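See below for the structure under consideration.
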Protein chains: 2
Amino acid sequence: MARPERKTVRDVRKGNRGMLLRTLYFDGPASRHELTGLTGLSAATISTMTGDLLADNIIVEAGQVDSDGGRPRVLLRVNPGYGHVIGVDVAETHVRVELFDLEMNEKARVDYSLRPSHHEIELVARRILAGIDVVLADGRVPAEQVLGVGIGVPGIVERGPDTLIHAKTFGWDGVPLGAMMRAGTSLPVFIDNGAKTMGQAELWFGAGRGAEHAVIVLIGSGVGATVVAGGVVMRGASNSAGEWGHTKIALDGRQCRCGGRGCLEAYIGAEGILERAGVPTGTTDWQAALGRVLESRSPVIEETVAYLGMGLANLINLLNPERILIGGWAGLMIGRDLLPGIREAACAHSLAQPYNATSIVLGELGPDAVALGAATLVLEEFLNTSAPLRLHAAS
Amino acid sequence: MARPERKTVRDVRKGNRGMLLRTLYFDGPASRHELTGLTGLSAATISTMTGDLLADNIIVEAGQVDSDGGRPRVLLRVNPGYGHVIGVDVAETHVRVELFDLEMNEKARVDYSLRPSHHEIELVARRILAGIDVVLADGRVPAEQVLGVGIGVPGIVERGPDTLIHAKTFGWDGVPLGAMMRAGTSLPVFIDNGAKTMGQAELWFGAGRGAEHAVIVLIGSGVGATVVAGGVVMRGASNSAGEWGHTKIALDGRQCRCGGRGCLEAYIGAEGILERAGVPTGTTDWQAALGRVLESRSPVIEETVAYLGMGLANLINLLNPERILIGGWAGLMIGRDLLPGIREAACAHSLAQPYNATSIVLGELGPDAVALGAATLVLEEFLNTSAPLRLHAAS
DNA sequence: GACGTTAGTTCAACTTGTGAACCTATAGTT
DNA sequence: AACTATAGGTTCACAAGTTGAACTAACGTC
């Protein structure tokens with residue numbers, strides 16, 4: 001059973017302040033009067049809390065609105081310049097660092113390309129730290145103004161006293177990236193799996209907005225999923241929930257690169273599709289190759305749709321989401337052409353009641369939202385705690 | 001995102017009181033002093049709150065314990081006789097009503113058998129209402145002392161302003177059982193799917209105790225699962241989460257009674273196993289038949305273990321639970337003999353990291369815990385709200 | 001300029017958890 | 001039997017929180 005923590009009157013304030021801030025962030029600008037309706041709090045509380053937030057410079061006034069025959073409403077909004085957040089995407093071929101303001105407008109970015117199979121952790125950590133300095137300089141943002149750094153990495157991110165990362169393809173086995181970052185910067189650091197941060201991005205700013213129960217499916221060369229239950233990303237016992245790609249859909253199926261057989265990824269992952277369509281293994285431009293396969297209307301495509309529909313149907317039956325988003329570069333390509341067929345296949349393999357409760361749609365943020373999602377981890381923390389900026393020296 | 005409700009100082013009390021009560025229920029008896037450590041609350045708060053609870057008769061003193069050289073500790077515990085809860089199991093062949101005290105000791109029970117394909121809702125509702133009267137009379141418990149009635153039913157339970165039940169096999173399509181019960185009794189009524197109530201029972205009182213992330217798998221003639229995430233049973237958008245039985249594990253597999261093909265249930269459900277083993281369809285004593293198949297060491301068994309292991313592996317990869325419980329009459333029979341093989345098969349088909357975070361064990365409560373679990377719904381509500389008993393007339 | 005209307009603020013009242021001081025009940029010691 | 005040490009439990013002033021009611025502020029209209 002869930003054991004809630006001891007609560008004191010101060011926690012009430014923390015919780016309500018966070019709720020007020022989230023309301024302003026997503027439904028703002030709004031007047032104090034409107035906020036009473038949106039939050040359920042009394043006018044008195046709204047008054048004192050907005051006073052605090054204004055004093056902290058976390059929110060600002062945003063013009064007035066006439067109210068016929070009475071005092072005009074003063075609109076309030078989150079101050080987009082109050083602080084900045086940094087998102088990092090550590091991928092197969094590059095390390096990308098992006099700087100955002102609180103409204104997630106990109107202020108600066110820098111890319112470092114990685115040579116294939118040169119993913120030494122020291123190198124990656126150096127690139128990240130250098131990238132942070134570069135985007136801060138480019139964006140003319142002092143480090144004290146940064147709320148934190150979110151990092152999306154491949155593999156399994158084991159949360160604990162020290163964040164450890166296990167990523168076979170990078171040769172990382174229990175790499176303490178969190179500790180390494182803390183050694184190089186005093187900014188708060190948040191690390192998560194890149195597929196999860198991308199799911200987080202779609203959930204907060206993409207096609208998943210407002211969903212309480214959703215699954216964001218990512219199809220690239222690998223296949224993963226972000227499961228959202230009750231508005232929160234599901235992490236499981238050791239933060240590896242969402243490994244959808246290695247769901248077995250046949251007892252003795254195709255060989256998968258994970259070593260197993262019959263994994264979904266071996267059928268609907270980009271590599272799996274190309275291999276099944278007979279594309280030569282030396283091909284480097286996978287996107288173009290997948291595009292040609294999709295145009296060719298080969299029977300492999302029909303099969304892919306069937307497998308994908310089946311995989312989605314299993315998610316629908318087991319998790320009963322209200323929305324399923326398809327993302328990732330390959331997912332978006334397949335979905336753009338074949339969404340109706342995918343929906344049909346999912347319908348055919350799922351139970352009527354949960355299928356009817358679900359809508360299957362494409363992601364909105366494109367295939368490059370890992371850094372945005374990683375930065376969102378920082379934003380989430382800020383909106384929840386709404387702690388005023390402090391020096392990060394001790395964190 | 002999860003939008004917490006507005007909170008006031010009174011909610012703090014409600015939450016802390018609920019936590020204190022749950023602590024006493026599961027870790028009790030305990031002295032006030034121990035409770036400060038267990039709950040994190042100060043001695044002062046514990047003192048006033050236990051005072052309230054004692055005055056309400058919700059908790060009682062339970063003897064003393066010497067403390068060397070000091071004042072002895074007075075032990076406190078939940079008063080098992082403070083109230084009673086009723087659990088109902090609506091199954092294919094019977095309606096069972098059980099009366100429990102707060103410690104879930106069974107005080108009375110009554111069984112009504114149902115004739116095959118005679119599941120008219122009016123009949124079932126009459127049986128439930130009659131059963132409530134019977135167990136109250138047998139147990140000599142006045143109706144005012146009952147905290148509520150929990151009912152476990154087959155099919156999908158659609159929660160909303162009016163609870164509607166969809167159960168194909170019973171011919172129920174949007175049956176308003178909740179409203180029908182309210183017409184016949186003033187007791188608070190809680191309705192859920194029987195597989196979920198059984199999962200709830202294992203989670204609270206069986207092999208799932210203390211687990212935050214778990215899956216309780218039910219294998220009978222049908223196959224279902226209760227997914228527990230963060231200590232809470234996952235329900236999804238329309239309360240149908242957990243339909244694991246119709247997970248597709250082959251693109252064009254065995255015909256399932258749901259109309260689909262390749263459902264897990266068609267392979268590892270009791271019927272599916274018996275059919276695959278060539279047991280004549282007229283057989284009535286399925287348990288004996290399954291027992292013979294298991295003893296025969298037919299290759300069908302090996303296959304069943306492989307499919308079950310694969311199904312469990314998919315749960316492990318996707319949900320990353322810390323524990324998986326196998327229950328249901330068929331699940332317990334299979335598991336008793338073949339658990340090591342099942343574990344091996346699950347290991348073979350899942351990723352190492354999440355597999356190592358999971359333990360796969362058998363349920364502890366046997367195959368008849370639906371009514372207990374249904375009663376647990378009432379208990380859960382009581383422990384959370386810890387509202388003193390009131391007359392139920394208006395509920 | 002008076003008035004009505006709507007927005008926002010202030011304040012006393014109430015609720016809650018906490019630390020410090022205090023009371024209570026036992027065993028051991030004189 | 002009285003005293004002391006020890007540990008459990010209670011009481012109370014205080015800080016912090018939300019709220020309804022009274023109050024102030026800022027506008028349009030007549």
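Here is how names work: the chains are called A, B, and so on, in the same order as the sequence lines, proteins then strands, and each is numbered from 1. Quick caveat: nothing in here was measured; it's all calculated off a predicted structure.
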(message) With a 4.0 Å cut-off on N to O distance, would you call Glu103(A) and Arg77(A) a salt bridge?
(response) yes
(message) Checking contacts here: which listed nucleotide (dT18(C), dG17(D), dG9(D)) is nearest the side-chain heavy atoms of Arg73(B)?
(response) dG9(D)
(message) Regarding Ser238(B) and Asn320(A), do their side chains bring together a donor and an acceptor under 3.5 Å, going by distance alone?
(response) yes
(message) I want to check one thing: is the phosphate of dG17(C), taken as OP1 and OP2, less than 4.0 Å away from some side-chain N or O of Arg10(A)?
(response) no
(request) Kindly point out which of dA25(C), dG17(D), dT19(D) is positioned nearest to the side chain of Ser42(A)? (result) dT19(D)
(message) Quick check on dA7(C): is either OP1 or OP2 less than 4.0 Å from any side-chain nitrogen or oxygen of His33(A)?
(response) yes
(message) Heavy atoms only, 4.0 Å cut-off, all strands: where does Ser31(A) land among base, sugar-phosphate and nothing?
(response) sugar-phosphate
(request) Quickly work out the Leu38(A) CG to dA7(C) C1' distance and round it to whole Å. (result) 16 Å
(request) In whole angstrom, give the distance that lies between atom CG of Leu20(B) and atom P of dG9(D). (result) 13 Å
(message) Both Thr48(A) and Asp66(A) contact DNA chain D. Taking the nearest nucleotide for each, which residue is further toward the 5' end?
(response) Thr48(A)
(message) Can you see if the side chain of Ser47(B) gets near the phosphate of dG9(D) - specifically, an N or O under 4.0 Å from OP1 or OP2?
(response) no
(request) Take the protein atom CZ of Arg32(B) and the nucleotide atom C1' of dA7(D), then report the distance between them rounded to whole Å. (result) 14 Å
(message) If you compare all heavy atoms of Glu34(A) against all heavy atoms of Leu75(A), which two are closest, and at what distance to 0.1 Å?
(response) OE2-CD2, 4.0 Å
(request) Would you classify Thr50(A) as touching base, sugar-phosphate or nothing, given that sugar-phosphate means primed atoms plus P, OP1 and OP2, and contacts are heavy atoms under 4.0 Å? (result) nothing
(message) If I take atom CE in residue Met49(B) and atom P in nucleotide dT10(D), what distance separates them, rounded to the nearest angstrom?
(response) 13 Å
(message) Between Lys7(B) and Asp11(A), does any NZ, NE, NH1 or NH2 come within less than 4.0 Å of an OD or OE carboxylate oxygen?
(response) no
(request) Take the protein atom CG of Leu53(A) and the nucleotide atom C1' of dG8(C), then report the distance between them rounded to whole Å. (result) 16 Å
(request) On the 0 to 90° scale, with breaks at 30° and 60°, tag the Phe205(A)-Tyr25(A) ring pair as parallel, tilted or perpendicular. (result) perpendicular
(request) Take the protein atom CG of Leu35(B) and the nucleotide atom P of dT18(C), then report the distance between them rounded to whole Å. (result) 14 Å
(message) What is the distance, to the nearest angstrom, from the CD1 atom on Ile46(B) to the P atom on dT18(C)?
(response) 9 Å
(request) Rounded off to whole Å, could you give me the CD-to-C1' distance for the Gln64(A) and dT6(C) pair? (result) 13 Å
(message) Is the phosphate of dT18(D) approached by Asn16(A) (side-chain N or O, under 4.0 Å from OP1 or OP2)?
(response) yes
(request) Choose from dT16(C), dT18(D), dG19(C) the nucleotide whose nearest atom is closest to any side-chain atom of Thr8(B). (result) dT18(D)
(request) Can you check whether any acceptor in the base of dA26(D) is under 3.5 Å from a donor in the side chain of Arg71(A), or vice versa? (result) no
(message) If you only use heavy atoms from C-beta on, which nucleotide in dG17(D), dG20(D), dG17(C) is closest to the side chain of Arg13(A)?
(response) dG17(D)
